[in-house]
Amino acid sequence: MNYKRLFLGISIIIVMCIQSIPTFASVSKEQKKPAILVAYQSTDGIANSDILFLETIFAGISDQVQLSSVQQVTIETIKNIDVVVFVGEDRSNLPTQFLNAIKQFKGHLIAFGKNTEQLPRFEKWQFFGSKSLRTLDGEPLSKLMNIEYVKPPKGSEVLVEGTNLNAKYPVIVKDGNTSFIAKTNFLSNDNYILSRELFNLLDLQEPIKHLAYIRLEDISPISDPKLVKETGEYLAQKGIPFYMALIPVYVNSESGEQVQLKDNKELVKVLQHLQSLGGMVIAHGYTHSYRYTETGEGFEFWDSINNQKISSISASDDPIKMKKRADFSTKEAYQHYLGSIDEIEKKYIEDKIKLSIGKLTELKLYPISFEAPHYAMSSTGYDIIAQHFTSIFGQVQLSDDTWKRMGAPLMISKPSLLSDMTLYPETIGFIDPSRPEPLKEMEEKIKKVQQVPGSVIGGFYHPYLGMEYLPEMVSLIEEVPNLEWLDLRKSKQIVQSENIMIQQEDGELKVVSHIKWTDKVKQRMGENPFEMVLWILAIIVALFVIAFFIYVVSLRTKLRKRLFEERNING
């Protein structure tokens, strides 16, 4: 009888193990992130803003994404790749080595835009050139949208289509492990559509939860401590991890006068208090202004007047309009000129970032991430920031020619443009009290964003609004199913400058600072040289007074000694 029970027990265990094998295999397969190669074709061989944004979107579903021109893709390049994403920007013949590599590639192939008909897998597809759409995915478009018109083979699945009058055109099509997407520009609302369909195209399990965050934005030395405190404490009392975007120095746009955060002692105490309640500090530049623009309104790491990279370090210098390629006789001379501008920009940004980290750390306010003012910054700027921060909040500027080519993926990502920094995207905007319905636009964006699996519900709130809209904003976000508040205290974040190291990991914050008094003096001289000159003069005058006092005392002492000696002789 005992043997029968033992045999029965062993049999049950074996059956359970056999049944569990597919489950484990399935979970393992679902959780594996694919290795993705984004191979682009462009006229000059450089990735433009559309290509960079597509790479940013794919970086949201995998942390193994590479970006490469088709000219550099070989059979060896794609040997360990699971997904090849081809982006065709201009009509031209694709390189033979790239076509041979794709011919042997067995994984997922997703093709965007032009020249797709040259790829071996698309021999049975019919291509008819460019068409215009008036609606996309059932929604009317504000202006005509151009796509590449294709007729896929039988058995294909049209996931998204558009229309023009009575004609229907496929926009996103899947045929097994081969897919076609009829356009390359996804910087507008169609970003939601593409991001939503990627999981279907690549047969990936859709994430269940949505991460969310609220940033208290543009807190500067002139912010009202009372309003900052009540908004921060409200979020803390609700158990919501929150972020404080801090600007250490305020610049008066009319006089150029600077106000230091340390001068507003009440605000500093409030910020330290909120930090102790779980508020996390984001370094939001140093002055949030370039030249003498007003803090919070002006840009800092981009020349918005000339719409170009930073070309002068000092605010007293006249802004210089950057030269174009046509101004130079040779390509080499132009490249040398661009290199000189890069050096100016690097020094400017490096100095500002060191000051920002240093000023905040001095006040025991420890930044664990970064946000560029107005999200504007060149690729050179991102390279500099990545040397100091492991993460960044907001959107990404996708062009070195204009700040107006900007966007944010809907998921947390590590795009190549950000030099290995993690991007926590801003996806739902902010409350604008000047609108008739201040919360309406945010509400509509939340509805769109939550339709994308795994998307981030990220927005910001200006504390100067007080509590007027904050509870409603929180309620709108908390209505999203499967919501989880983003808490960077549970992740690993590193912020560093020449003399400072801030490390946030698993709820523990470690700070090492080696700021010398000589560094503080140099910094003070750079910020306000006139004040320092006055201090130096005051010190010199004080030294002269002290020397004069010592001299007088010495004379009196000698005189007394002489009188004493003469009295002794006479006596």
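In this chain, numbering begins with 1 at the start of the sequence shown.
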Original post:
Under 3.5 Å, side chain of Tyr424 to main-chain N/O of Val456, donor-acceptor pair present?
Top reply: no
**OP:** For residues Phe242 and Tyr461, establish whether the separation of their ring centroids is below 6.0 Å.
**Re:** no
**OP:** Without swapping roles, check the side chain of Glu437 against the backbone of Leu439 for a donor-acceptor pair under 3.5 Å.
**Re:** no
**OP:** Kindly compute the distance separating CG (Asn80) from CG (Leu37), expressed to the nearest 0.5 Å.
**Re:** 11.5 Å
Original post:
Would you say the side chain of Leu194 lies within less than 4.5 Å of the side chain of Phe112, judging by non-hydrogen atoms?
Top reply: yes
Original post:
Under a 4.0 Å N-O cut-off, is there an ion pair linking Lys414 with Asp420?
Top reply: yes
Original post:
Under 3.5 Å, is there a donor-acceptor pair linking the side chains of Ser92 and Gln41?
Top reply: yes
Original post:
Is Glu426 paired with Lys445 through a side-chain N to carboxylate O contact shorter than 4.0 Å?
Top reply: no
Subject >> NZ on Lys151 to CZ on Phe127, rounded to 0.5 Å >> reply: 13.5 Å
**OP:** Indicate the ring-plane relationship of Phe299 and Trp403, choosing parallel, tilted or perpendicular according to the 30° and 60° boundaries.
**Re:** perpendicular
Original post:
Taking 4.0 angstrom as the limit, do Asp50 and Arg405 come out as a salt bridge?
Top reply: yes
Original post:
Is the distance between the ring centroids of Tyr243 and Phe393 under 6.0 Å?
Top reply: yes
Subject >> Test item: side-chain donor near acceptor, Ser378 and Glu345, under 3.5 Å >> reply: yes
Original post:
Are Glu300 and His374 close enough that some pair of their side-chain heavy atoms sits under 4.5 Å apart?
Top reply: no
Original post:
Under 4.5 Å between any side-chain heavy atoms of Ser179 and His108, yes or no?
Top reply: no
Original post:
To the nearest 0.5 Å, what is the distance between CG (Leu486) and CG (Leu488)?
Top reply: 4.5 Å
Subject >> Aromatic ring proximity, centroids under 6.0 angstrom, Tyr348 and Tyr290 >> reply: yes
**OP:** Please confirm whether the backbone N or O of Lys352 pairs with a side-chain atom of Ser356, one donor and one acceptor, at under 3.5 Å?
**Re:** no
Original post:
Can you find a pair of side-chain heavy atoms, one from Ile193 and one from Ile172, that are under 4.5 Å apart?
Top reply: yes
Subject >> Under 3.5 Å donor-acceptor, Gln308 side chain and Met322 backbone >> reply: yes
Original post:
Is any side-chain heavy atom of Tyr286 less than 4.5 Å from a side-chain heavy atom of Ile353?
Top reply: no
Original post:
Salt bridge between Glu343 and Lys346, side-chain N to carboxylate O under 4.0 Å?
Top reply: yes
**OP:** Inspect the contact between Lys124 and Asp175 and indicate whether a charged nitrogen and a carboxylate oxygen are less than 4.0 angstrom apart.
**Re:** no
Original post:
If only atom types and distance count, is the side chain of Thr135 paired as donor or acceptor with the main-chain N or O of Gly138 below 3.5 Å?
Top reply: no
Original post:
Would a 4.5 Å heavy-atom cut-off, applied to side chains only, mark Phe180 and Leu119 as touching?
Top reply: no
Subject >> CE on Met377 to CD on Gln395, rounded to 0.5 Å >> reply: 14.5 Å
Subject >> Residue pair Ile102 / Leu99, side-chain heavy-atom distance below 4.5 Å >> reply: no
**OP:** Could you tell me whether Glu76 and Lys79 have a side-chain N and a carboxylate O separated by less than 4.0 Å?
**Re:** yes
Original post:
So, Ser413 and Thr56: side-chain donor and acceptor under 3.5 Å apart, yes or no?
Top reply: no
Subject >> Parallel, tilted or perpendicular, as decided by the 30° and 60° cut-offs, for the rings of Tyr334 and Phe328 >> reply: tilted
Original post:
Any luck finding a side-chain donor-acceptor pair between Asp400 and Ser379 under 3.5 Å?
Top reply: yes
**OP:** Just say parallel, tilted or perpendicular for the rings of Tyr149 and Tyr169, cut-offs at 30° and 60°.
**Re:** perpendicular
